[in-house]
Amino acid sequence: RRPKHFPPGPDPVPVFGNILQLSTTNPLRDLNKFARHYGNVYSLFLGNRPAVFLHGLQVIRQALVTQGADFAGRPQGLMINHVTENKGLIMANYGPTWKEHRRFALASMKTFGLGKKTMENKILEETHHICSHLENHLGDPVDPSFLIHSASSNVICSVLFGERFEYKDEMHKLIINSFKENAQVANGAWAAIYDGFPALRGLPLPFQKVFKNFDIIKNHVRGVVKQHKSSRVPGEQRDVIDCYLDEMEKSTQDGCLLEEERLVMLLLDLHFAATDTTANTILSGILYLATHRDIQARCQRELDEGLAGRVGISFEDRHRMPFVMATLHETVRVANIAPVGVFHATTRDTTLKGYRIPEGTLVITNLTSVLSEGPHWERPSDFYPPHFLDQDGSFRKPEAYLAFSAGPRVCLGEQLANMELFLVLVSLLQDFVFVWPEEDTPDLTPVFGGIQSPKPYRVTFRVNKDNGQK
Ligand code: HEM
């Protein structure tokens with residue numbers, strides 16, 4: 001039963017709560033229906049665990065920003081906490097260890113190039129590999145998924161581990177596949193069964209695969225950290241691992257929050273957080289541009305004018321390309337790769353819109369509702385770059401652009417994702433025209449998941465003969 005003054009919702013049934021009222025393949029429509037019926041703050045029981053759902057810009061901003069500290073926790077005791085042994089950054093509860101690791105992650109990513117030319121060069125190097133691969137398949141319909149996932153993974157790998165991998169490297173392939181599989185299971189019905197029915201946790205059910213996958217990649221990363229420990233020169237940092245080991249060594253005082261096993265989980269979290277997210281957004285970009293040739297052609301025209309015959313591209317060029325920037329942000333909006341964000345939890349007893357929410361309550365932010373809410377978006381169901389242009393045609397970011405969430409737990413990779421998205425898509429547009437194969441029917445409906453992806457597709461890359469380069 002719901003506590004007094006708890007947000008309203010449908011009556012739960014024993015054992016299952018309200019889970020049976022949610023579609024297992026795509027619950028977003030059900031969530032919209034509940035919001036229409038109960039209002040923008042409502043609750044559902046996921047098994048016997050009550051969860052508060054937030055719908056729309058106004059309440060999500062109120063919770064994540066205005067009452068940021070109250071809603072900055074992460075739920076505990078879920079499968080994902082057990083997989084990461086409560087040591088990673090993404091699912092770490094609000095507190096000094098999370099704060100210290102978030103600070104460290106931001107600072108070390110900056111040291112290794114975020115916002116600087118070094119990062120830009122790493123991304124451009126990776127883009128060069130993508131283009132070379134595509135040049136070998138000109139005119140044939142290809143599924144670019146493997147290529148784009150490998151490239152996104154490599155960008156973050158070069159920052160974390162100081163190296164990139166060949167696309168055919170078996171360990172690299174295994175890591176990328178494990179991330180994909182784990183993201184699918186971790187937000188699906190099997191995770192709900194793990195979370196809701198502790199008695200079943202020891203049985204050989206599909207959720208065991210997540211633990212097995214994670215053990216393999218965890219052991220691999222432990223090995224990489226070990227190698228770094230034996231080859232490092234203190235003070236001469238090659239990558240994020242060296243930075244962490246240096247900081248660990250320097251902090252001699254009691255209560256140091258950095259430790260080797262936390263480093264392993266931090267590396268896995270950052271690698272995971274940066275791979276599928278960026279890759280699925282780039283893949284959505286290629287899909288939407290191939291199926292909206294007028295928008296593609298307008299981006300290419302602006303690109304030619306902006307570069308004025310110059311070969312090569314730089315992140316600085318974005319300031320001369322408002323329509324391209326609008327198209328990339330519209331891609332992030334429609335790709336909607338984190339449809340319900342990352343789960344939050346209350347850090348203390350609090351109230352929202354007059355409802356009482358006790359400490360430790362699971363809170364789910366329906367970011368999809370914000371990215372497709374009528375009044376904020378003129379044509380929410382369309383791929384419509386002018387959403388990000390003001391009346392003068394200059395680039396602008398509407399308030400409801402919450403794809404990276406907001407508040408203390410806001411995505412810490414937004415800057416990296418933007419840079420990658422711009423440099424990869426613009427380089428591809430410079431070299432190629434994306435053509436939808438006549439024999440295939442486009443299906444833009446994404447595959448719902450903790451990290452949403454476009455349905456697998458094929459596209460033909462043709463040489464861009466009009467790219468205006470001298
Ligand atoms: C298009 C790409 C991306 C999108 C749309 C995206 C979106 C998000 C969202 C919605 C959250 C949840 C925030 C919350 O809890 O309210 C998040 C968290 C996070 N993201 Fe991203 N992300 C992207 C790329 C990246 C990249 C490239 C990194 C690089 C390392 C990254 C690192 C993280 C981390 C570490 C968190 C957890 C932050 C915390 O709990 O303190 N993300 N992201």
Side-chain angles (χ1 to χ4, degrees), residues 54 60-61 63-65 68-69 71-75 80-81 84 88-95 97-110 112-114 119 122-123 148-149 151-160 179 183 187 240 265-285 328-345 347 362-368 370-371 401-425 446 450-454:
L54 307 183
I60 292 183
R61 275 205 87 82
L64 298 188
V65 181
F71 285 87
R74 293 288 191 215
I80 189 72
N81 307 106
T84 56
L89 165 62
I90 305 174
M91 290 310 288
N93 215 345
Y94 190 60
T97 312
W98 163 74
K99 226 176 226 165
E100 180 62 1
H101 282 80
R102 192 174 161 106
R103 178 205 60 76
F104 170 82
L106 280 166
S108 58
M109 281 181 22
K110 210 166 175 185
F112 290 99
L114 197 58
M119 182 67 91
K122 280 176 188 143
I123 299 172
I148 300 295
H149 273 90
S152 287
S153 167
N154 264 341
V155 169
I156 190 77
C157 280
S158 63
V159 178
L160 301 176
F179 284 159
N187 279 278
V240 168
M265 294 300 179
L266 175 71
L267 294 166
L268 284 167
D269 261 9
L270 292 175
H271 191 180
F272 167 74
T275 301
D276 253 14
T277 49
T278 319
N280 287 341
T281 311
I282 294 173
L283 287 167
S284 303
L328 300 186
H329 283 75
E330 179 68 352
T331 297
V332 176
R333 185 187 77 83
V334 294
N336 184 22
I337 57 101
V340 287
V342 176
F343 293 173
H344 282 243
T347 55
L362 170 59
V363 176
I364 298 180
T365 53
N366 183 345
L367 296 183
T368 307
V370 185
L371 294 175
Y401 180 67
L402 276 203
F404 295 88
S405 191
R409 301 299 293 236
V410 66
C411 174
L412 60 74
E414 178 168 359
Q415 210 186 338
L416 172 60
N418 283 340
M419 193 188 250
E420 217 172 310
L421 214 62
F422 180 84
L423 293 174
V424 172
L425 280 172
I451 297 185
Q452 192 156 254
S453 62

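Just follow the structure's listing: the first ligand is 1, and inside any ligand the first atom is 1. Quantities reported herein were computed from a predicted structural model and do not represent experimental measurements.
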Within this structure, what is the [atom1]-[atom2] distance for the pair [X] and [Y], rounded to the nearest 0.5 Å?
| X | Y | atom1 | atom2 | result |
| --- | --- | --- | --- | --- |
| R102 | L266 | CZ | CG | 12.0 Å |
| T277 | F404 | OG1 | CZ | 8.0 Å |
| L423 | M119 | CG | CE | 11.0 Å |
| I148 | I282 | CD1 | CD1 | 5.5 Å |

Is the backbone of [Y] close enough, under 3.5 Å, to the side chain of [X] for a donor and an acceptor to pair up by distance?
| X | Y | value |
| --- | --- | --- |
| N81 | P75 | yes |
| H101 | L89 | no |
| S153 | T275 | no |
| N93 | G73 | no |

| message | For A403 versus V332, what's the shortest heavy-atom pair and its separation? | response |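 That would be CB-CG1, 3.6 Å.
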| request: Work out which heavy atom in L54 is nearest to a heavy atom in A63; give both atom names and the distance. | output: CD1-CB, 3.5 Å
Give the numbers and elements of all ligand 1 atoms closer than 4.0 Å to a heavy atom of [X].
| X | result |
| --- | --- |
| A403 | 5 (C), 7 (C), 10 (C) |
| A338 | 10 (C) |
| I337 | 4 (C), 5 (C) |
| T281 | 1 (C) |
| R102 | 38 (C), 39 (C), 41 (O) |

Could a heavy atom of [X] be found less than 4.0 Å from some atom of ligand 1?
| X | value |
| --- | --- |
| L367 | yes |
| V332 | no |
| W98 | yes |
| D269 | no |

Mind checking whether [X] has an N or O less than 3.5 Å away from an N or O of ligand 1?
| X | value |
| --- | --- |
| R74 | yes |
| S405 | yes |
| T278 | no |

Give me the nearest non-hydrogen protein atom to [atom] as residue plus atom name, then the distance to 0.1 Å.
| atom | answer |
| --- | --- |
| atom 12 (C) of ligand 1 | V342 CG2, 3.4 Å |
| atom 22 (N) of ligand 1 | C411 SG, 3.0 Å |
| atom 24 (C) of ligand 1 | T277 OG1, 3.4 Å |
| atom 13 (C) of ligand 1 | R409 O, 3.2 Å |
| atom 3 (C) of ligand 1 | F404 CE2, 3.3 Å |
| atom 35 (C) of ligand 1 | L412 CG, 3.7 Å |
| atom 28 (C) of ligand 1 | G413 CA, 3.4 Å |
| atom 14 (C) of ligand 1 | H344 NE2, 3.2 Å |

| request: Determine whether the side chain, the backbone, both or neither of E414 has a heavy atom under 4.0 Å from any heavy atom of ligand 1. | output: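 The answer is neither.
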| query | Does A273 approach ligand 1 within less than 4.0 angstrom via side chain, backbone, both or neither, non-hydrogen atoms only? | reply | both
| I80 and F343: CA distance, side-chain angles, deciding distance, side-chain contact (heavy atoms from CB on, under 4.5 Å) verdict | CA-CA 11 Å; I80 189 72; F343 293 173; over 6 Å; no
| field | side-chain contact (heavy atoms from CB on, under 4.5 Å) assessment of W98 paired with R74 | value | CA-CA 10 Å; W98 163 74; R74 293 288 191 215; over 6 Å; no
| query | Would a line drawn from the ring center of F179 to the ring center of H271 be shorter than 6.0 Å? | reply |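 Yes: the rings meet the under 6.0 Å criterion.
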